Amino acid sequence: MNITIIGCGYVGLVTAAGLAEFGHLVTAVDIDRIKIDLLNKGKIPIYEAGLKEIVKSNLAENRLVFTADQKKGIKNAQVIFIAVGTPPQKDGSADLSQVKAVAKEIAKNLDDYKVIVNKSTVPVGTGRLVQAIISENAVSGSDFDVVSNPEFLREGTALKDFLQPDRIVIGTQSLRGKTVMKAVYQKLERDKVPFVFTNLETAELIKYGSNAFLATKIAYINELARLCEKVNADVTIVAKGMGLDSRIGPKFLNVGPGYGGSCFPKDTKALVEIARPTGERLSIVEAVVAANESQKKLMFQKIKQAVGSLKGKTIAVLGLAFKADTDDIRESPAIPIVKRLLNAKAVVKVNDPKALTEAEKIFGNLVKYHDDIYETLEGTDAVVILTEWDIYRKLDLVKVKSLMNTPTLIDLRNIFTPNELRKVGFLYEGVGRGAIE
Ligand code: UGA
């Protein structure tokens, strides 16, 4: 099939590469010409496992082409995926200006029957809006269907999530649209991946419902962690014990400094805003948003409590990415925590295997950047672990201790066990680890 993806951001790029891998002829469009030139040379602007290889091989086999010519992309395609950004506005609601602009452009260039697929995370009702924009702006009688096909990709494992998903959600009431989408994902149907066929609005809400639920799980375990510290319980064991119940499941019960990234913070707030005009109040999601904010503040308090006065102290921060295996620092809990450390007049030395370039755009010369972990630790009064990178788990703790002024380790991802650290002579603070082993 001829498929066009509009928007070569994170989702668009993975979708384009994944669909080309399924054997389709994919045109990926972006208005950023510099990005397009780089992509055509096989250079990927983001770090995502396996993406570079798959883009290169599909470019070489002529199944994938990048272009800034949106018009051409639209005209050539049987199916057009809209994968442009929907950034949050001040009130938390999603900014749909890019989606609307693309819908108008599609309308202007609509010739044969096309299926237009909303891949971007968009508020409930956006599918209908795209439908209306295209109808209003297209030559009368033009034939098309709009489909909602939300993505469930996790950064770091996005390609694997695309090629081997848990499910495919297709929102459309058109039989023709449904048939075309089945052909798009024929490979996955053969692989026995479950498909959920429903209407536009239900598909749109499945996306928000899933993200907000996962965010709730995290906020919930983070809240329990606070209680664990007060009652001499260990949250990692509480989570393990809870997770073994198949109705609960073990995933997304890892405590931390609060969820971050470009999705959960944005989508939980957007869901609250989607509900507001309907008169329904999503009090649980509202509480999750508030709990996540307070988690970041509490984690700073934890550092302060362990270190004492921060003024003039040198603090090593290990990890800035919002989670491991990505260079993404959008809404990373590390950012407000580092900012608070700086406000408290601490000297901050930072390390991250992938995110230092991005971090520099935020912190400029306010912090010291180190590629080498041990160099980051030299002469520090405390070390704070903010991202669960594997390389941090493998640190030579005796060496770490010898490099620091005072061996204080605040492990906001619980990558170590308290006893292991205390044996080496660290003052160790984890999250929710009240129990004495
Ligand atoms: C999330 C969802 O997991 C994807 O299914 C979804 O497609 C994506 O958002 C999206 O809407 O595009 P992602 O933002 O890549 O994916 O990251 P997650 O792995 O879900 O982690 C989100 C945040 O929660 C991170 O800050 C992570 O550290 C935190 N987290 C995750 C925890 O604190 N504890 C956990 O147990 C799991």
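In this chain, numbering begins with 1 at the start of the sequence shown. Please read these numbers as outputs of a predicted model, since none were measured by experiment. Order of appearance sets the numbers: ligands from 1, and atoms from 1 within every ligand.
Side-chain contact between Thr408 and Ile410 is present, with heavy atoms from C-beta onward closer than 4.5 Å. Counting heavy atoms from C-beta outward, Lys43 and Asp37 have side chains that stay 4.5 Å or more apart. Here the side chains of Val102 and Gln70 are in contact, with some heavy-atom distance below 4.5 Å.
Residue-to-ligand polar distances place Glu151 within reach of ligand 1: an N/O pair is separated by less than 3.5 Å. Checked by distance only, ligand 1 and Glu388 stay at 3.5 Å or farther apart across all their nitrogen or oxygen atoms. At a 3.5 angstrom cut-off on N or O pairs, Leu214 does not count as close to ligand 1.
Less than 4.0 angstrom separates some heavy atom of Gly260 from each of these atoms of ligand 1: 22 (C), 23 (C), 25 (C), 26 (O). Numbered from 1 in the order shown, with element, the atoms of ligand 1 that lie under 4.0 Å from a heavy atom of Glu155 read 15 (O). Annotation for ligand 1: atoms under 4.0 Å from non-hydrogen atoms of Leu153 are 4 (C), 6 (C), 7 (O), 8 (C), 10 (C), 12 (O), 16 (O). Close contacts between ligand 1 and Asn211 involve ligand atoms 2 (C), 6 (C), 9 (O), 10 (C), 11 (O) [criterion: under 4.0 Å to a heavy atom].
Classification of the Phe162-Tyr185 ring pair by plane angle, with boundaries at 30° and 60°, yields tilted.
The residue among Glu331, Lys251, Lys323, Arg413 with a heavy atom at the shortest distance from atom 21 (O) of ligand 1 is Lys323. The closest heavy-atom contact to atom 20 (O) of ligand 1, among the options Phe152, Phe264, Tyr259, comes from Phe264.
Using a 4.0 angstrom heavy-atom cutoff, Gly256 does not count as in contact with ligand 1. Not a single heavy atom of Thr121 lies less than 4.0 angstrom from ligand 1.
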Evaluate the salt bridge (Lys or Arg N to Asp or Glu O under 4.0 Å) criterion for residues Glu53 and Lys56: first the C-alpha distance (whole Å), next the side-chain angles of each, then the deciding distance (0.1 Å), finally the verdict.
CA-CA 5 Å; Glu53 293 75 12; Lys56 273 193 168 169; over 6 Å; no
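Between Arg276 and Glu286 no salt bridge is recorded (no basic side-chain N to carboxylate O distance below 4.0 Å). A salt bridge between Arg330 and Glu155 is present, with a side-chain N of the basic residue lying under 4.0 Å from a carboxylate O of the acidic one.
A cation-pi contact links Lys354 to Tyr47, judged by a cut-off of 6.0 Å to the six-membered ring centre and 45° from its axis.
Annotation: atom 35 (C) of ligand 1 to nearest protein heavy atom, Asn254 O, 3.6 Å.
Only the side chain of Ile218 comes within contact range of ligand 1, with a heavy atom under 4.0 Å; no backbone atom does.
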